[in-house]
Amino acid sequence: MKKIFLNLGRQPIANSFLSSISRNSIKSEYFYNLNISFDTKTFLVSIKKPVNPKIQYTDKYAHRASESKTMQKAFRSSAIKLQKKFNPKYIMEIGSNDGVFLKNFLKKSVIAVEPCKNLAEITKNKFRTYPNFWNKKLSKKILKEYPKIDLIFSANTISHIPNLKETFEAILNVISNKGVLVIEDPSLSSVIKTNSYDQFYDEHVYVFSALAIKNIVKKYNLRLFDAEKISTHGGSLRYFICKNNSTYKNTNRLNKILSDEKKIGLNNFKTFVQFAKRVKTSKRKLVSLLKKLKKNNKKIISYGATYKSTTVFNYCKIDTKYFHYVTDTTFNKQGKFTPGTHIPIISPEIGFNDSVDYAFLGAWNFKKEILNKEKNFIDRGGKFITHVPKVKILRK
Ligand code: JHZ
């Protein structure tokens, strides 16, 4: 049974940055209700009513995975590790974005699947790219051109696909007998521990736990045999999944992760009810801090036009009343406006200057990288604000 524990209100598509704030474009903004539920049987946490993927993954998709040095390094090191561990002949990535992971492999053994045409365009000359949604139809098409695949990788994508049955059945079609499916996604335990409710937005249909993944893949003749904690996106899990009858043995570190998840109650609805209370407190504290700073005539901006910020801004009703603008390094977000709250987005070269007193860390998951990069801002007395794990002004 699915039980709702969190209501994050009316939300726009996190990635629908507006080109203008004319009356017409504001009128045509799409909103949906962001309610999060817990399935008492499988322990799966999901958006109660997901948005249609065709509205989300368009030829204007804004996120570029290689925008951060941290992610470039993380994907490179994953690629090297996986190559060494499984020595795969063919590798396929579901949701290959701008190719930041696949570029680390030999061109001829690589298959990319990316439904956003603008992203597929970037990689199509580098390796075989299918500009399609992942489903059984595509899996059959791929099988006509390639043998079965030894390593299927998917980072920050499986959690985005509403139809898990179709997803895993399609994977089962193409995976070789000794093949491994490696999935990376933000982990539910990190979200609960760090109160990062902004990991919930339209694209994150699911925030997985190992407990839930174990139960879900079992339904499709697959088996979770290993899992590993990784630091990306504020705390993620990397899951290793094989065919049910494959020879891979379940690892001790998987058992440890599963038992830790039980200890913090990821199999218990009560945990999520308590989390929802902490989310309300976080909202109250953030708004009150911003109000206080504004009263003292401070200039506040937001750093990183993340999808996560869309949830925070719309849930907390934060707009140009508080933030002058948002800075972001991604070229195709610059000159646009944040979804729902219509705050202008500009490049950090223009906006991150001496006039800024406070910067809200929209990209809090890159805190280390950003604090390192912005030493001058901090040295001259500029301050960062975060809401993860608690609302606070960061001290040096
Ligand atoms: P970032 C995206 O979420 C969307 P977002 C997606 N749904 C997903 O699952 C996760 O990623 C993985 C900018 N930036 O990656 C670049 C700076 O301006 O945390 C990005 O626009 N300066 C696929 O959007 C944004 O911040 C910097 O120094 O919540 C970061 O977005 C750095 C480091 C980043 O995820």
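First listed ligand is number 1; within each ligand, the first listed atom is number 1. Everything numeric in this text was worked out from a predicted model, so none of it was measured.
For the pair Met1 and Lys3, the minimum side-chain heavy-atom distance is below 4.5 Å. Looking at Ile26 and Arg23, their side chains never come closer than 4.5 Å, going by heavy atoms from C-beta outward.
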Could you list the donor-acceptor pairs under 3.5 angstrom formed by side chains in residues 262-277, with sequence neighbours left out?
unit_1 : atom_1 : unit_2 : atom_2 : d
Asn268 : OD1    : Lys270 : N      : 3.1
Thr271 : OG1    : Gly265 : O      : 2.6
Thr271 : OG1    : Asn268 : O      : 3.2

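Between the side chains of Ser37 and Lys48, no donor N or O sits under 3.5 Å from an acceptor N or O. Between the side chains of Asp328 and Thr330, at least one donor N or O sits under 3.5 Å from an acceptor N or O.
Considering every non-hydrogen atom in both Thr157 and Asp185, the closest pair reads N-OD1, 3.8 Å.
Proximity of Met71 to ligand 1, defined as any heavy-atom pair under 4.0 Å, is not found for any part of the residue. Only the side chain of Ile370 comes within contact range of ligand 1, with a heavy atom under 4.0 Å; no backbone atom does. The proximity of His160 to ligand 1, defined as any non-hydrogen pair under 4.0 Å, is limited to the side chain. Residue Tyr201 touches ligand 1 through its side chain alone, judged by heavy-atom distances below 4.0 Å.
Phe331 belongs to no hydrophobic cluster, as no Ile, Leu, Val, Met, Phe, Trp or Tyr side chain comes under 4.5 Å of its own.
Salt bridge Lys383/Asp357: absent, no basic N to carboxylate O contact under 4.0 Å. Classification of Glu121 and Lys124 as a salt-bridged pair holds, one side-chain N sitting under 4.0 Å from a carboxylate O.
Among all protein heavy atoms, the one lying closest to atom 15 (O) of ligand 1 is His63 CE1, 3.3 Å. The shortest contact between atom 31 (O) of ligand 1 and any protein heavy atom is with Thr306 CG2, 3.5 Å. If you check which protein heavy atom lies closest to atom 7 (N) of ligand 1, you get Glu203 OE1, 2.6 Å. From the protein, the heavy atom lying nearest to atom 27 (C) of ligand 1 is Lys373 NZ, 3.4 Å. Looking from atom 29 (O) of ligand 1 to the surrounding protein, the closest heavy atom is Lys308 NZ, 2.8 Å. Among protein heavy atoms, atom 17 (C) of ligand 1 sits closest to Thr329 OG1, 3.4 Å. In this structure, atom 9 (O) of ligand 1 lies nearest to the protein heavy atom His204 NE2, 2.9 Å. In this structure, the protein non-hydrogen atom closest to atom 13 (C) of ligand 1 is Asp328 OD2, 3.2 Å.
Not close to ligand 1: Arg64, with no non-hydrogen atom less than 4.0 angstrom away. In this structure, Tyr57 falls outside the shell of residues with a heavy atom less than 4.0 angstrom from ligand 1.
Classification of the Tyr90-Tyr146 ring pair by plane angle, with boundaries at 30° and 60°, yields perpendicular.
For ligand 1, the atoms closer than 4.0 angstrom to any heavy atom of Thr330 are 16 (C), 20 (C), 21 (O). With ligand atoms numbered from 1 in the order given, ligand 1 contributes 22 (N), 27 (C), 28 (O) to contacts under 4.0 Å with heavy atoms of Tyr303. Set against the non-hydrogen atoms of Gly304, the atoms of ligand 1 under 4.0 Å away are 26 (O).
Close N/O approach between Asn365 and ligand 1 is found [any backbone or side-chain N/O within under 3.5 Å].
Placement of Val180 and Val113 in two distinct hydrophobic clusters is found when ILVMFWY residues are connected by side-chain heavy-atom separations under 4.5 Å, directly or transitively.
When Phe366, Trp364, Phe352, Tyr307 are ranked by how near their heavy atoms come to atom 34 (C) of ligand 1, first place goes to Phe366.
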